[in-house]
Structures are given as structure tokens and as C-alpha cells.
Number of protein chains: 4
Amino acid sequence: MPPGQPKWRRRKEARPAEIVAAALEVFAEKGFAAAKLDDIAARAGVSKGALYLYFETKHDLFTAVVRTSVAPNIEAVEEASRNLALPFATLARMLLTIAAERAATTQIGAVAKMVIAESGNFPDLARVWHEEVVGRALAAVVGVIERAQARGEVRPGDPRLHAFSMIGPLLLGVIWREVMAPAGAPPVDLRALAAQHIDTALTGMLAEGGRS
Amino acid sequence: MPPGQPKWRRRKEARPAEIVAAALEVFAEKGFAAAKLDDIAARAGVSKGALYLYFETKHDLFTAVVRTSVAPNIEAVEEASRNLALPFATLARMLLTIAAERAATTQIGAVAKMVIAESGNFPDLARVWHEEVVGRALAAVVGVIERAQARGEVRPGDPRLHAFSMIGPLLLGVIWREVMAPAGAPPVDLRALAAQHIDTALTGMLAEGGRS
Amino acid sequence: MPPGQPKWRRRKEARPAEIVAAALEVFAEKGFAAAKLDDIAARAGVSKGALYLYFETKHDLFTAVVRTSVAPNIEAVEEASRNLALPFATLARMLLTIAAERAATTQIGAVAKMVIAESGNFPDLARVWHEEVVGRALAAVVGVIERAQARGEVRPGDPRLHAFSMIGPLLLGVIWREVMAPAGAPPVDLRALAAQHIDTALTGMLAEGGRS
Amino acid sequence: MPPGQPKWRRRKEARPAEIVAAALEVFAEKGFAAAKLDDIAARAGVSKGALYLYFETKHDLFTAVVRTSVAPNIEAVEEASRNLALPFATLARMLLTIAAERAATTQIGAVAKMVIAESGNFPDLARVWHEEVVGRALAAVVGVIERAQARGEVRPGDPRLHAFSMIGPLLLGVIWREVMAPAGAPPVDLRALAAQHIDTALTGMLAEGGRS
DNA sequence: CATGAATGAGTGTTCATTCAT
DNA sequence: GATGAATGAACACTCATTCAT
């Protein structure tokens, strides 16, 4: 046995993350209520009791899953939106590309599905999700649009509804991947969707003079 | 008691519909697993046992709720899309307006939330929802777009992705109303969203020559 | 099947009492925490779920057991103590005889044991037991003693401590029967104990002139 | 740090006693089943695992608590009862005074409450308690009474029941302090109770000629 | 048809006990 | 010796489903 490499190390620091990862899988597959702690524990490679060393209740575990999955992603959007100097077309293309990339490569779609599903049973979670995630992301996009309107780059219109026009199709794509594709629907290429949609949205939103 | 038309006679025939209506409320509020048959029965004004006179299991009741809620709506979209003679701009505006109207006045948003939430636990339902609802609606829109592209009205591009561009923001609006607004987010006017978005989408999708 | 004698009658009215009786047995044997609802249900001849049709929690069932067992007994003592005209010696003899009789023929000893055991975990119960049972019984006895002291029948001294002198040995007898006797100790005849003790207590308590 | 007398050395030997002391507190507050080893360990200032270095099971720890708490007290009673030369009145007064003193200043009341509560679940403990504690104490008192009866000091009557008359009120006082007082009942002064009761009991028990 | 009392399998949670460190 | 992370059996409580009335 090589020294410094104990066969079985106490995992106190790694465990919570492992459990959250396992829980994300199970919650995403089954939903909150249908997810069994036995399954989560088994998938995390621990006993059921061990879950309670790190999370007080199933509720708490679910909340931790959502928070953990979301925090890193929201930063990216906000940061990109702070590139005030860029023309709107460039910035918008950048934002949607980042979003599509994240949606394609992370579990954020599954988390969104969970939040949609359980918003009624987790009022706190819905509020957090609104205040810290969707609200912030939307505010960033709305801010970008408002500034572009002020500079005459984007045509008039409610900036929040413009933001919905920009983001909505991506949400549809994510839901499609999470819900329809597993049921046999032909898959959607999120990156291609983002690329084609941003062309449409930009052409539709840019003021007359701003079009090529 | 007036002979021939006792009040309870009509009840008997209306029961299944009343139960489905009550179930829709409870399922929409709580989700499938958290909905209790006691609550549904109480809200329908019948005994718990009576539910089993009309539906074999909770599963069946849920399926009936989803089917009942969608069938009438899908027809409207398909019918509108058969107006082949209309210019794309007119037809597209019509389709989105109908969709927004339905979304604003029916429970279809709540049902969509339920299907999204429970797709993992109801494979059959997800397939039915795809084959009979979303698939058909999407196919109708895609057909309209393809014909418009063939006539040179709509610029090239994957017609399905174009359809996502058209419909996506409305889904976002519905999710917003069902999930974010109850958590304190400012509400969205679905009709205004549809009106502004179709302007954007049309400008973005129409071929060069087709723009005003 | 004889009419009017259904093979299996709905027991809605009889059930709670049956369950409380079964619960009393099990609680008395094992104590609150060690009593299993499965056992109680089995002994009552019902399913575990049925318990919850009548009692919200195990806690509630325990409380019901205590209340039910006590109410009838306390009346007897209070009633006897209202015989103001009787000489103290007669009344005291009567009270102890009644108490011994009740202790010998009812489950009140087992209930007392339970209350003693669980007073720390059931603050409400301990308070109820004090206010409605022990307190009232003691007050009745103290009242009798005070009146007898006023009439010069009983010698001076704190009437509450005199009451302890009268009642204490009976409690010891009950505890003995519940705790020591099952462990192999020779049994005590509660009636004989009461009879001999009241002679001692009366002789000890009566004023000089009152003794034979 | 002074060499040769490190502070932790004394700890090592004191550990079992510290644990038993902590366990007594927790058992007395919560009862056996509701007492958590975590609490006991925390209160003793050791880890949960450390408990198992000194006691095999929770059962054993409970047994140790009871044994430890009673042994010293029983000696006092037996020793006092060996003063054969003293008149009964003197000896009885002495015994009750000692008992009241011990009851007022030690945890013996809490232990008695525990034994009463758990006698059903700890048959061994109930037997030990009977054979080594209550039985011995009672036998000592009974012996004193029998000798006094032989000398004509105490009137006839079952000596064991006489012993119950002497001791019972003190038990009631202890139960009162442990159970009723914490629930809001007015407290009892155990020493005053013993003093007043022994007057009563002596007057009641002494043979005609023996009274002052 | 309709009721609602009764069932019992299923699950979140606790906690005495173990053992690698 | 001492720790405390980990275990897993045990149990209170829920609720879809049944069926005697």
C-alpha cells in the first residue's frame, strides 16, 4: 500500500458534492416527490443515513441541488452583459451563444424543468430562482436592450418583451430536449437554434438604419 | 320535485367532467405526486370512492386531465394553418394571436407545466403529448413556413428552427405566468407579448423582398 | 345471514375506545417510546392506518389514554369528600377505602406509572395531570383535613403534609404492585394496606381529645 | 506544563464517572428511550465513540447509572438500622431524617423515577433494584419494626405494612418534586414532610404505653 | 350508483452501534 | 486511547386503493 494514499479516505469534504450530483440525476429523472432517498444514496455510493449528515431534509437536499447547479451559470451572463462598448448585434450574438453553450453542456435544463415542476411546492425556491437567477439574467438582457434603444440601435418597444423574443426560443429548445426528445421526438441542436434565431431576432429588432 | 327532470340526473352525466375539472386544479397546484385524491374528491364534491367509479387509478385520472385539456386547443391551430391562400405574414399573425388568446384564457399553461414536470414518470403521456399535441402543432407551423419559403416569402433556414423562433417566446411567457409571477415577479401580458414578438419575428424571417 | 345482525358492522363508534384500551395495555407494558403502533393496532384488531382515522399522532393517542383512564376516578374522590357532616375519622376511612378499591381494580396504577415516566416528555400531560387529577384529589383531601382541624378533630400541622401522610403509603403500594411485584417481590394487598394504614394515620392525626 | 502531573492524566481515570454523571442528567430529563447518546457524550465532553470504550451498550450505561446512584445511599439506611439499642421512636426518627436528607440532596428521586418508568423494559434492573435497594431498605425497616413489636414498643400489625406507612409519604414527596412541581405545582419541603409525618406515624404506631 | 371506513405497502427520518483513522 | 463519519435497522406516518354497506 503506497503511503499517503490511504485505501479509504474520509470523504467529509467531497461527500456533499457527490451527493448533490447524485441527487440531481435522480430528481431530474423522477421529480421531487417520486425521487427516493434510497436511490439517491445508492447512486452516491453512501448509505441513506449519510445523507442526513449533510442535509437536514429531502427538501434541503433539493434546494441545495438547485442552488448549486445555478450559481455558476448566472455569472457568465451578467459578466458578458457588462461589455457596454460592444455594438448590440455583437453583444446579443455573444449572449445567446453563451446561453446555448451552457444549455447544451450543463444540467441547467434539467434543473429548470425541476424548478418549473416544483414551484408550487417550494415557494421559497421559486422566489430564489426568480430573484437570483431568472430575474438577474433577464435584467441584464433588458439593460442591454435599453441601452441599445437609447443609442438608436434597437427599434422601440417594451424592452422586456424584446428580451422574451430573444430568449424564449432557447427555453423551448431546452424543454424540447428534456421532455419531447426522450419521448421520441427528433432532437434539436441547441447551438444551431441559437445561431439561426439570433439572425432572425436581430433583423427583427434592429432599427431600420442598423440593418445591413 | 318536477317529474322527468330531477336535478340529480344531470349530475350523473356531468360527474366525470366535474372530477376532471377538480383534478386539473389540484394537479396544477401541487403536481402529480403531491396531489391527494382526498382533495380532488372534496373539490369535486364527491366521495373518494366515487373517483374510482370513473377512473381506474390516479394515473388514469391524470392522463384524462391532460387529454381533456388539450384536445380542443390543438384543433384551432391546425384549422388556422389550413388557410393556404393567406400570405405568410397574415397567417403567422393569426396563429400567434390565437395561441396567445388560448394561453391567456385557458388552463393550457398549467397543463403544460404538469406535462413538463411529469414527463419522466409518464412516458406514455409524454409520447401522446408529443404525437398528438406539440408534434401536430409544430408540424402545422413548420408546414406553413415551408410553403412560405417555397413561395419565396420567408428567407431560407431550417423551418423547424424558424418555428421555434416564432413559438418560443410565448412558451416563456406562459412559464413566466405559471412559475415566476406567483413567486412575486411582475406579470407579463401574453397578448402584448405575442403582438410585439410577431412583429419582430416577421421582420426577421421574411425574405428581403417581402419586407415593407 | 340474519337481518339486523350484519356480519361485519362499521365500528366507527366503538373503535376509539377499543384502540385506547389496546394502547393502554401496550403503553403500560413498554412505556411510550418503546410502544410500537403496530403492536397497538394488532392488539386492537385493526390496521395501523386505522389508528390515524381516530388519533392524529402517537402523542395524541397517549394523551387520550391518560385522559380516558383518569376522568372517571377523580370524580369518586371529590364526591366522597363533599360529605361534610361526617366525622373526620369516618370520612378519612371512606376515602382511603375507595382509593384502595379503585387502585386494586382499575388500571389507574399503570397510568400513574406512565405519567411519572413521561412527565418530562409530555409537559402538557403533566400539567393536565396535576390540574385535573392529582391537584383536585389532593385539594379535596386537604379541604377535609382543614375542616377537621377547624373543628378540633385533627391536630395542628400543615394540612397538605397531613394529606401526604394519608395518601403516600397507597402510592407506594401501587408502585410496588406495578414495579416491584413483577420483578419477583412479594405482592402487597392494597386493601389490607389501606385498612392498616388508616388506623395508624388516624391515631397519629387525631387531636388528643379525639382518640379513644 | 508541570511535568509528571499533566491535567489529562486525571481525566483518563475520571472518564467513566463523568460519563455516568452526564448520563444521569440526560436519562433523568428524558427517560431512557428519548435520551440520545449524542447528548450524553456532548454533556460529558467526549465523543460518541468514547462511550463505547467504557460501556458496551446504552443498556449497560443506563444500568451503570442506576447502580452507581443507589449503592451509596442504601448503605446509610442499613447502617442506621443496626443501632439495635436505641428506642424505636429515636431510631425511626433517625431513619426518616436520613432518608429525607438524602432525597433532598441527591439525584435518588430522579433515579427512582427512571426505574419506575423503565421497569417493564429492564427486567434485570427491576430485579436488581428490588433485591439490592428497595428490598434491603425495606427489610431493614421491617426488622426494626419487628424488634420494636417484640419489645412491645410498636402495636401489632403486619410489619411490612407498617413500613409502608412510614416510608410511603416520602416517596409521594419525591414523586411530587420530580413530576408535579416541574409542571407548576407548589413545591414540597421534603424535610418538613418527614418531620411532620414521623410524628404522625409514631403516634399511630406506638403501643398505648409507649406514647408520651 | 355512492359512500367512507379500513387497509398496508412504501418512505422520510432517527439513532445506537461500528470502525478506519 | 479517542474520534466522528458512516451505517442500516427500525418506526411513525401517508395515501392510493378496496369493499361492505
Side-chain angles (χ1 to χ4, degrees), chain A residues 6-15 33-41 44-61, chain B residues 8-9 11-12 15 32-42 45-61, chain C residues 1 6-13 15 33-41 44-61, chain D residues 8-9 11-12 15 32-42 45-61:
Chain A
K7 181 173 48 176
W8 181 86
R9 203 192 325 180
R10 296 282 188 87
R11 308 299 301 286
K12 201 188 177 188
E13 276 124 44
R15 278 282 149 81
K36 290 177 237 165
L37 289 189
D38 281 301
D39 286 354
I40 294 174
V46 299
S47 70
K48 194 163 35 159
L51 302 182
Y52 286 85
L53 295 174
Y54 302 100
F55 304 95
E56 303 224 330
T57 64
K58 189 186 183 186
H59 234 75
D60 282 351
L61 178 53
Chain B
W8 58 264
R9 249 192 168 291
R11 263 283 169 74
K12 202 170 278 186
R15 279 279 156 83
F32 177 75
K36 291 178 234 169
L37 290 191
D38 280 297
D39 285 354
I40 294 174
V46 300
S47 72
K48 195 163 34 160
L51 302 182
Y52 285 84
L53 297 173
Y54 302 101
F55 304 94
E56 303 228 329
T57 65
K58 189 187 185 186
H59 236 74
D60 284 349
L61 178 53
Chain C
M1 190 190 337
K7 180 173 49 178
W8 181 86
R9 204 192 323 182
R10 297 282 187 88
R11 308 298 301 286
K12 201 185 179 191
E13 277 124 42
R15 279 282 148 83
K36 290 178 237 166
L37 289 189
D38 279 301
D39 285 354
I40 294 174
V46 300
S47 69
K48 192 166 33 165
L51 302 182
Y52 286 86
L53 295 174
Y54 302 99
F55 304 95
E56 303 224 331
T57 63
K58 188 186 184 185
H59 236 76
D60 282 350
L61 178 53
Chain D
W8 59 262
R9 248 193 168 291
R11 263 282 169 73
K12 203 172 276 184
R15 278 280 155 84
F32 176 76
K36 292 178 232 168
L37 290 190
D38 280 296
D39 285 355
I40 294 173
V46 300
S47 72
K48 194 162 37 159
L51 302 182
Y52 285 84
L53 297 173
Y54 302 100
F55 304 95
E56 303 227 329
T57 65
K58 189 186 184 184
H59 235 75
D60 283 349
L61 178 52

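The sequence lines fix the lettering, A, B, ..., with proteins before strands; numbering per chain opens at 1.
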Roughly how many Å is it from CG in A/Leu51 to P in F/dT7, rounded to a whole number? 9 Å
Starting at the 5' end of nucleotides 13-18 of chain E, put B wherever the base has a protein heavy atom under 4.0 Å, S where only the sugar-phosphate does, and a dash everywhere else. BBSBBB
Please give, in whole Å, the distance from E/dT11 C1' to A/Asp39 CG? 11 Å
Would you mind reading off the bend of the helix from E/dA2-F/dT21 to E/dT21-F/dA2 from its two end axes, five pairs each, to 10 degrees? 10°
Which residues pass the side chain to side chain contact (heavy atoms under 4.5 Å, CB included) test with C/Thr57, not counting sequence neighbours? C/His59, C/Asp60
Partners meeting side chain to side chain contact (heavy atoms under 4.5 Å, CB included) with C/Ala44 (sequence neighbours left out): C/Ile19, C/Ala22, C/Val46
Would you mind telling me which of B/Leu37, B/Ile40, B/Leu51 makes a side-chain contact (heavy atoms from CB on, under 4.5 Å) with B/Lys58? B/Leu37
Whole Å only: how far is the CG atom of C/Leu61 from the C1' atom of F/dC13? 13 Å
For B/Lys48, all residues meeting salt bridge (charged side-chain N to carboxylate O under 4.0 Å, His left out), sequence neighbours excluded: B/Asp38
What is the separation between atom CG on C/Leu53 and atom C1' on E/dT3, rounded to the nearest whole Å? 14 Å
Distance below 4.0 Å between B/Arg15 side-chain N/O and E/dA2 OP1 or OP2: yes
Sorted by chain and number, sequence neighbours left out, side chain to side chain contact (heavy atoms under 4.5 Å, CB included) with C/Ala34 holds for C/Lys30, D/Asn121
